[in-house]
Amino acid sequence: MEPLKKEEEKALNFLEEIIENDLRTGKHTSILTRFPPEPNGYLHLGHASSIWLNFGLAQKYGGKTNLRFDDTNPVTEDTEYVESIKEDIKWLGYSWANEFYASDYFDKIYEFAMQLIRQGDAYVDDLTPDEIAAMKGTPIEPGSNSPFRDRSVEENLELFAQMKAGKFEEGAKILRAKIDMASPNMLLRDPILYRIKFAHHHRTGDAWCIYPMYDFAHGQSDAIENITHSICTLEFIPHRAIYDWCIAKLNIYPSHQYEFARLNVSYTVMSKRKLLQLVNENHVSGWDDPRMPTIAGMRRRGYTPRAIREFCERAGIAKRDKLNEISLLEFCVREELNKTSFRRMVVFNPVKVVITNFVEEEVLLESENNPEEEHSGVRTIPFSKELYIEHEDFMENPPKKFFRMAIGQSVRLKSAYIVTCNGVIKDEAGNILEIHCTYIPESKSGHDTSGLKVQGTLHWVSIKHAIGVELREYDRLFKSENPALEEGDFKEYINSDSLNIIMNAFAEPALKEATESQRFQFLRKGYFCKDKDSTLDHLVFNRTVSLKESFTKEVKK
RNA sequence: UGUCUGAUGGUGUAACUGGCAACACGUCUGGUUUUGGUCCAGAAGAGUCCAGGUUCGAGCCCUGGUCGGACAACCA
């Protein structure tokens, strides 16, 4: 019997098709991609998508990927960001073939500029920024030529050298490509190639006072490295014309630019500028605030590299603007954490239960670390006369399908016994002080000879053994599905309830040994990880994501 | 009013390049369950932006529209 289909019959995305075609036709014998972040902010989920694409494509086709910092604007860039970016890429599970910087090529790019001048393809312009803007025309009206457009090659060479030598003030002169002021593509209306900036560069220091623009650095950098497939986002489509123009005029390695739609996720924002605002204006605690869609934030929140990669994979690649649902991301992280995380019991909002017929001091029970993983072992949980259960797990007047604790009803305490609720004790105000239950000794977990069947199973902790922990529950950062598209300031749509802190929850003692790299499922609650704010006697846990909850939906009906 | 670009269930991707629109998430049923989780089984949900055309046959090709996005930073 032949298999009907190859196991790996997954459809190719458009970039994979291009690459396979290039490989098949011999246009390329191997591929080289690059990931080109500007070191002016922290990486976010959108970058993760680009990283997954660039590194993943190279991996799939036996190629390599360079990490290249696009550091052509010294005023916004900083070494702090270089380090965080490298850390994030490594954490996501990728390694680069070479670590390069656009600033490594400043000498070469300067040479390229002189070559264009010599060819009559570039000129020094004295116009002010306002004048240049005014003469640029509009998308539907052609621009007009600068009066300095026809300077001689010699004069341009001399002026450009003086620009480099620091003879002119910022803004006094720029180098422009001589293309076409009437081009329907506004980017081709004599784009600026070099500008004067007396700024300290994080790598080249004060060696330069002129810096190339993106359009005069990116394609050249790609060409210098022999990048075969230069993948960027949709907004660079009109730039491809300059990219190709430079490569043709300079007669350098013909790298090719391909564009894909950036990743957007519902209920958050994905631009460095906006994220920077959230940080600077203290709407969040920092770049690594667990509510942030930054890699650092997601890492702190408990997301795993694998889950993020899986999300990128499932979100896919296309050329149309899109908004992915956050629920897909949540699915990906639950899928992994369900299989890998240890189970622990934590009572978030306690109510006291007294087992009236329990006479022993304590009993040590065993419970599996992870029912999804056979060899994950067990841990010990102490059981005693006085316990905490979740307040919401008890109701005096329960609705019909309430499979939890209620007077006269029996439930299983997870990994322990079946108990029957007999009554409650309240204070004058009507608050519940204690819930009284009796347990059935024969119903001990794993050795149940009682023959009883109960519908519900509750998590619990023994009061005298429990440890107090702080819990931080996160919700979506924005109330709007797509804050960037809303009217007015995106910050008007911030969800003021995105952080819920529970200062004193009660955890089973095994959680004392938790490490920051571990992930836990707090039974019936969600996935959590230990936060770096934890101290020896004060443990803090972040909720990565809740468990799927169908009962609350039921109640709302 | 220009150039570029895109349009397939609620969302995101497919459709062997012209052959009954598929997969995943989400939603809803039912079953199993010592987590109302997981797992298992199933269902609903688009006739592919519109109008013509070519064809035995069009989501794929042609023509004309409509709608969305990008472009007028000495940012990337």
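Lettering of chains follows the sequences in order, A, B, ..., and the numbering in each one begins at 1.
- Comparing B:G45 with B:G12, their C1' atoms are spaced 16 Å from each other, to the whole Å.
- Taking atom P on both nucleotides, B:C16 is separated from B:U5 by 23 Å, rounded to a whole Å.
- A:Ile237 comes within 4.0 angstrom of sugar-phosphate atoms only, judged by non-hydrogen atoms across all strands, and of no base.
- When A:Arg344, A:Lys414, A:Arg379 are each tested for a salt bridge (charged side-chain N to carboxylate O under 4.0 Å, His left out) with A:Glu368, only one passes: A:Lys414.
- Look at OH on A:Tyr527: it is 13 Å from P on B:U35, rounded to the nearest Å.
- Comparing the same atom, P, in B:A58 and in B:G18 gives a spacing of 13 Å after rounding to whole Å.
- Of all nucleotides listed (B:U13, B:G36, B:G2), B:U13 comes nearest to the side chain of A:Ala318.
- Rounded to a whole angstrom, the distance from the P atom of B:U48 to that of B:A21 is 10 Å.
- Residue side chain A:Glu372 reaches the base of B:G37 through a donor-acceptor N/O pair under 3.5 Å, judged by distance alone.
- Side-chain N/O atoms of A:Arg404 include none lying less than 4.0 angstrom from OP1 or OP2 on B:G36.
- Counting heavy-atom neighbours within 6.0 Å of A:Arg306 CZ, excluding the residue itself, gives a total of 12 or less.
- With rounding to whole Å, A:Arg314 atom CZ is found 13 Å from B:G26 atom C1'.
- Taking only side-chain nitrogens and oxygens, A:Thr72 comes nearer than 4.0 Å to OP1 or OP2 of B:A76.
- Looking at A:Arg404 and A:Pro398, their side chains never come closer than 4.5 Å, going by heavy atoms from C-beta outward.
- For B:U34, its base sits under 3.5 Å from the side chain of A:Ser445 at one donor and acceptor pair at least.
- Put simply, CG on A:Leu323 is 18 Å from P on B:G68, counting in whole angstrom units.
- One can find a donor-acceptor pair under 3.5 Å joining the base of B:U34 and the side-chain atoms of A:Arg412.
- Here the P atom of nucleotide B:C28 and the NZ atom of A:Lys548 are 9 Å apart, to the nearest Å.
- The phosphate of B:U13 has OP1 or OP2 within less than 4.0 Å of a side-chain N or O from A:Lys322.
- By the stacking rule of 5.5 Å between ring centres and under 30° between planes, A:Phe403 stacks on the base of B:G36.
- Across all strands shown, A:Pro36 has no heavy atoms under 4.0 Å from either base or sugar-phosphate atoms.
- Taking side-chain N and O atoms only, A:Thr138 has no distance below 4.0 Å to OP1 or OP2 of B:G2.
- Put simply, A:Arg195 has a side-chain N or O that comes within less than 4.0 Å of OP1 or OP2 on B:C75.
- For the C1' atoms, the distance from B:U33 to B:C40 is 11 Å, rounded to whole Å.
- OP1 or OP2 of B:U8 sits under 4.0 Å from a side-chain N or O of A:Arg320.
- Rounded to a whole Å, the CZ atom of A:Phe69 is 21 Å from the P atom of B:C75.
- With hydrogens and angles ignored, a donor-acceptor pair closer than 3.5 Å exists between the side chain of A:Arg343 and the base of B:U35.
- Side-chain atoms of A:Glu259 and A:Arg240, non-hydrogen and from C-beta on, do get closer than 4.5 Å to each other.
- Remark: P of B:C28 and CZ of A:Phe551 are 15 Å apart, rounded to the nearest angstrom.
- On a pure distance criterion of 3.5 Å, no polar donor-acceptor pair joins the side chain of A:Gln521 and the base of B:G37.
- Out of B:G69, B:C25, B:U35, the shortest distance to the side chain of A:Glu325 is found at B:C25.
- Taking atom C1' on both nucleotides, B:C60 is separated from B:A7 by 14 Å, rounded to a whole Å.
- Distance CG (A:Leu547) to P (B:C39): 11 Å, rounded to an integer number of Å.
- Inspection of the A:Glu225 and A:Tyr105 side chains reveals an N or O donor paired with an N or O acceptor under 3.5 Å.
- Between the side chain of A:His239 and the base of B:A76 there is at least one donor-acceptor pair of N/O atoms closer than 3.5 Å.
- Among the protein residues, A:Gly446 comes within range of the nucleic acid bases, having at least one heavy atom under 4.0 Å from a base atom.
- Ring centers of A:Tyr417 and A:Tyr439: under 6.0 Å apart, within the cut-off.
- Counting non-hydrogen atoms under 4.0 angstrom, A:Lys197 reaches the backbone sugars and phosphates but no base.
- Separation of the C1' atoms belonging to B:G57 and B:C20 is 11 Å when rounded to the nearest angstrom.
- For A:Arg543 and A:Glu473, the salt-bridge test passes: some basic side-chain N is under 4.0 Å from an acidic carboxylate O.
- Atom NZ of A:Lys453 and atom C1' of B:U32 are 10 Å apart (whole Å).
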Test side-chain contact (heavy atoms from CB on, under 4.5 Å) on A:Thr268 and A:Arg476; report intermediate values, then the result. CA-CA 7 Å; A:Thr268 189; A:Arg476 47 189 58 153; over 6 Å; no
